[in-house]
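Throughout, protein chains are lettered first and strands after them, A, B, ... in sequence-line order, and every chain is numbered starting at 1.
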There are 4 protein chains.
Amino acid sequence: METKPQEQTRKPRADAVRNRERVLHAAKLVFSAGGPDASLEAVARQAGVGIGTLYRHFPTREDLFEAVYRREVEQLSELAEELKSEPSPVEALRRWLRSTVQFVATKKGMMAALAIVMTANSELAAYSHGHLTRSIGALLARAVEAGEVRADVTADDLLRALIGMCYMHDQTGWQQSVLRLLDVFVDGLRVGKGRAREA
Amino acid sequence: METKPQEQTRKPRADAVRNRERVLHAAKLVFSAGGPDASLEAVARQAGVGIGTLYRHFPTREDLFEAVYRREVEQLSELAEELKSEPSPVEALRRWLRSTVQFVATKKGMMAALAIVMTANSELAAYSHGHLTRSIGALLARAVEAGEVRADVTADDLLRALIGMCYMHDQTGWQQSVLRLLDVFVDGLRVGKGRAREA
Amino acid sequence: METKPQEQTRKPRADAVRNRERVLHAAKLVFSAGGPDASLEAVARQAGVGIGTLYRHFPTREDLFEAVYRREVEQLSELAEELKSEPSPVEALRRWLRSTVQFVATKKGMMAALAIVMTANSELAAYSHGHLTRSIGALLARAVEAGEVRADVTADDLLRALIGMCYMHDQTGWQQSVLRLLDVFVDGLRVGKGRAREA
Amino acid sequence: METKPQEQTRKPRADAVRNRERVLHAAKLVFSAGGPDASLEAVARQAGVGIGTLYRHFPTREDLFEAVYRREVEQLSELAEELKSEPSPVEALRRWLRSTVQFVATKKGMMAALAIVMTANSELAAYSHGHLTRSIGALLARAVEAGEVRADVTADDLLRALIGMCYMHDQTGWQQSVLRLLDVFVDGLRVGKGRAREA
DNA sequence: GATGAATGAGTTTTCATTCAT
DNA sequence: CATGAATGAAAACTCATTCAT
C-alpha cells in the first residue's frame, strides 16, 4: 500500500490459492458422492484443510456451490465453442449433448447441487443460463441456417430437455438411457421428417 | 371382508383418519416447498398434529413419501390404461405425454412423485415404477408392433424424458416449452425418419 | 381435546415442569459463576438435561436470561411488599435496599446477564422496571408522606442508584462498600438535614 | 533520549503510528457498541487494518483495553487534582462528581473506562484505580479533615457510587436523575446529619 | 391413539491466535 | 511491519427418533 499505489488487492497468497483449489476440488468430489447436503466438515477433511479455511473462502454453503458450479458451466460453454468447427452442424449439436451427459456422469450428486443453485440464486442462474444458452444457441443457429434442423425450438428448450434428462441419474443405466433419448431427440429435430401429426 | 369378528384391525378411529389425511396433505405441501429433506417436525406442525402422531402413522420417512405419492402415480398409470382404446398408437402415446404435462401443471406434488419414482431406491419407487412402466410399456408396445415407432426405446426411457423435461417447471413458459419438446421427441420416435447419424 | 373442551393447553407434563425448573436453577448458578457468556452446554450439564431440552424450553439465550430475570425481579418486588408492614418507613426503605444487596451478592455474574436483558429486551425492561418502581414507589411514598424523606427523588432514581452500585461487584469487599454507600444515601434522603449546598 | 544509535526502539514508522491510532479509535467504538467481548476481528475491520496488525500493536485484549481507556481515566484524575484549590472541600467533591457526569455524558467510552477500572483485575485496572482513588482520596481527605464529611467512606466507595449511578445512561433523563442522586449522596456525607439509623 | 418432551449425535459457525508472505 | 490466510477448539443449533403421560 505504501510503495505500489496501483495495487488494489495484494497478490493473492500462494497457499491461499492452492487451498481454494483444493476445497473446490474436494467439494466436487464430496457433493458428487453425498449430494448437496454433504457435511462441509467432510469437504474440508477431503481437501486437507481446516474447517475455518473452508469458511474463509466460502462463507456459506451456497457460495461454495456457486464457485463449483460456475466452472462447470464454463467448461460446458467452452466445449460448445470448440464444436463450432465441426463440419456437420447437426453432429456438432449431437456431440455437445452427448458430451454433456458424459460430463454429468462424472459428478452424480452434483446435479442436485446445480439444480439448487439454478433455482435459488437468481444472479447465478441468470449468469449461467445466459452463458449456456448463448453457446448452445450458436450451435443451434448454425444447424437451422444450414436447413438441417427445425426452427421452432429454442436454445432454452434444448437446455431444459438436456438438464432434465440428466437430472434423473440415480438408476443404473441412466446414462445409456439418456444417450438413447438424445438420439431420438436429435432425430426429431431434423427437418424433412414427418410433420404427420394432427396437422 | 372387514366384518368378521376375529379381524385384527378394529374400526379406524375417526380422528385417526382425519389426522392421517392432515399429515398427508401437509407432507405434500412441505415436501413440495422444501424438498425431500424437509424436516418432519415441519410437516407435523403444518398438519397441526404432534410429531408422535406423524410417526405413528408413518414410521419412516419413506412410508410417508409412499403414502403421499403412490396415488399420484397411479392416476398417470390409469390414464395410460384408458388410452389403449385410442386408434392411433402414436397418438395415444403423444396424448399420454401431453396429459401428463397438464397433470404436472395442475397438481402440485406430481413432479415430486415422479422424481421419486425415478430416483429413489425405496419399495415405493420400485412399486410405482413397475406399475407405471407397465402401463406406458403397453402403449409403447402397441406403437412398436404397429411399426410406427422405433423399437430401441423403453418405457423407462420415455418416463425419464418426460419427467426431465418437466423438471424445470418454475420458469414462466415452461409448459409451452415442454409441449414443443414433446413434439420433437415424438417425431424422433417415428420410424422412417433419418437414421443418418454417425453413418 | 375431545372430552374436555375447556382445555386450551393440556396439563403441562410433570417432567417438563421439573426440567424447566432444573434448567432455570442451573442457569442461575452457571451465569452467576461464569457471566452471561457461559456456555449453554454447561447449563444443560449442570441441570442434568440434554442440550436439546434446554433449547426446547428456551430457544434463545435471551429467553433463558429473561426467564431467570423475571423471577428475580418478582422476588425483589415481593420483598418490598412485605416491608410495607415495617413500622418505620425509612427503615423499610433501608432494609429493602440492603436486602437487595444480599440478593445480588448470591449471584455475581448474574447482574451482567440481567443488565444485558434490561437493555436488549424492551418489553421485559418495561415489565420489570414498572414492577420494581411500583414496589419501591410504595415504600418511598410512605416515607415521604410521613415527612421523613425528601420528596424530590423518584422511585426511578432510587432504582438507578441501587442497581448501579451493585453493578460493580467484582472487587472483594464490594458488598461492604455498597452497604456503606446505602447508609450514606439514606441519610441524604432524610429531611431536616442541611440544605446548605450552594444556597 | 531517542537519538542515541544504540537505542533498541527505532523511529516509530509513520504508518505504524497511524495504524495504532486507527485501532484505538475503532476499539473505542466497537467496545462501546458490543461490550468488552466484542470480536477483535471486528475491531480490526472497523479500523481498516489487518488482524495481524492489531495483534502486533496490542498482543492481548487487555493491552488494547489499557491503551484505549487509560487516558480517559487520567483526565478524571487530573480534574480532581485541579479541584484541590477549591476553597470549600465539600464543594470540591461535589463539583468533581458533577463534572464526571458531564464527562460521561459527552465522551463516549468514558463509562466503559470507569467500569473496567472497578471491575477487571488487569494491570490496567490496578494502575488506573490507584491513580484515580489517590486523586479522589485527596479531595475526600481534605473534607474529612475539615470535619465536613463523615470518615467512614472511602475514595473507592465514592467511585463506585458515581460509576453505578451513571451506569444506566441510556434512558432519557438519566443525567438529571444522576445529578439529583449526587446531591442526596453528598448531603448524606455531611456530618451533623442524623445518625438515627439502627438506633 | 395423540401428544409433545427428552435426547444427543451431527453440523454449522465463530474467533482467538499463530504464521507464512 | 503489515497483512490476512490457516487453524481448530468451542459453542451454537437442528432434528430424527424414542418414550412417558
Undergrad: By the ring pair (Phe, Tyr, Trp, His ring centres under 6.0 Å) test, which pairs, at least two apart or in different chains, include something from residues 25-56 of chain A?
TA: A:F31-A:F65

Undergrad: Please tell me if C:H57 has a side-chain N or O lying less than 4.0 Å from either OP1 or OP2 of E:dA6.
TA: yes

Undergrad: Are A:E21 and A:R71 close enough for a salt bridge, meaning some N to O gap below 4.0 Å?
TA: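 The answer is yes: the pair qualifies as a salt bridge.
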
Undergrad: C:V49 or B:G50: which one's nearest nucleotide on DNA chain E is closer to the 5' end?
TA: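 Looking at DNA chain E, the more 5' nearest nucleotide goes with B:G50.
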
Undergrad: Between the protein and nucleotides 11-15 of chain F, list the N/O to N/O atom pairs that are separated by less than 3.5 angstrom.
TA:
residue : atom : partner : partner atom : Å
F:dA12  : OP1  : C:R61   : NH2          : 2.2
F:dA12  : OP2  : C:L40   : N            : 3.1
F:dC13  : OP2  : C:Y55   : OH           : 3.2

Undergrad: Nearest whole angstrom, please: distance from the C1' of F:dT3 to the CZ of D:R45.
TA: 15 Å

Undergrad: For A:F31 and E:dT11, give me the distance from atom CZ to atom C1', rounded to whole Å.
TA: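 Interatomic distance, CZ of A:F31 to C1' of E:dT11: 13 Å.
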
Undergrad: Check the distance between F:dA16's P and B:L64's CG and give it to me in whole angstrom.
TA: 11 Å

Undergrad: Given atom CG of A:D63 and atom C1' of E:dT12, what is their separation to the nearest angstrom?
TA: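 Between C1' of E:dT12 and CG of A:D63: 14 Å.
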
Undergrad: For DNA chain E, just give me the dot-bracket, please: Watson-Crick or G-U, both distances below 3.5 Å, ( ) intra-strand, [ ] crossing earlier pairs, | paired with another strand, . unpaired.
TA: .||||||||||||||||||||

Undergrad: Is any side-chain heavy atom of B:T53 less than 4.5 Å from a side-chain heavy atom of B:R56?
TA: no

Undergrad: Without swapping roles, check the side chain of B:N19 against the backbone of B:A16 for a donor-acceptor pair under 3.5 Å.
TA: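 Looks like no, no N/O pair under 3.5 Å.
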
Undergrad: With heavy-atom distances below 4.5 Å as the criterion, would you say the side chains of A:L40 and A:F58 are in contact?
TA: no

Undergrad: Determine: side-chain N/O of A:T53 to OP1/OP2 of F:dT7, distance under 4.0 Å, yes or no.
TA: yes

Undergrad: Without decimals, in angstroms, what is the distance between C:R18 CZ and E:dA6 P?
TA: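 Atom-to-atom, C:R18 to E:dA6, this comes out as 8 Å.
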
Undergrad: Are OP1 or OP2 of F:dC1 and a side-chain N or O of D:N19 less than 4.0 angstrom apart?
TA: no

Undergrad: B:D15 has an atom CG; how far is it from atom P of E:dG1, in whole Å?
TA: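 Between P of E:dG1 and CG of B:D15: 9 Å.
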
Undergrad: Backbone N or O of D:G50 within a donor-acceptor pair of the D:R45 side chain at under 3.5 Å?
TA: no

Undergrad: Between C:Q46 and C:R22, is any pair of side-chain heavy atoms under 4.5 Å apart?
TA: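 No, too far: nothing below the 4.5 Å cut-off.
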
Undergrad: Between atom CG of B:L29 and atom CG of B:L24, what is the distance when rounded to the nearest 0.5 Å?
TA: 11.0 Å

Undergrad: Could you tell me the separation between the CG atom of A:L64 and the OH atom of A:Y69, rounded to the nearest 0.5 Å?
TA: 14.5 Å

Undergrad: Could you check how far CZ of D:R56 sits from C1' of F:dG4, rounded to whole Å?
TA: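 That distance rounds to 14 Å.
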
Undergrad: What integer distance in Å separates A:F58:CZ from E:dT12:P?
TA: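 Checked: the CZ to P distance equals 15 Å.
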
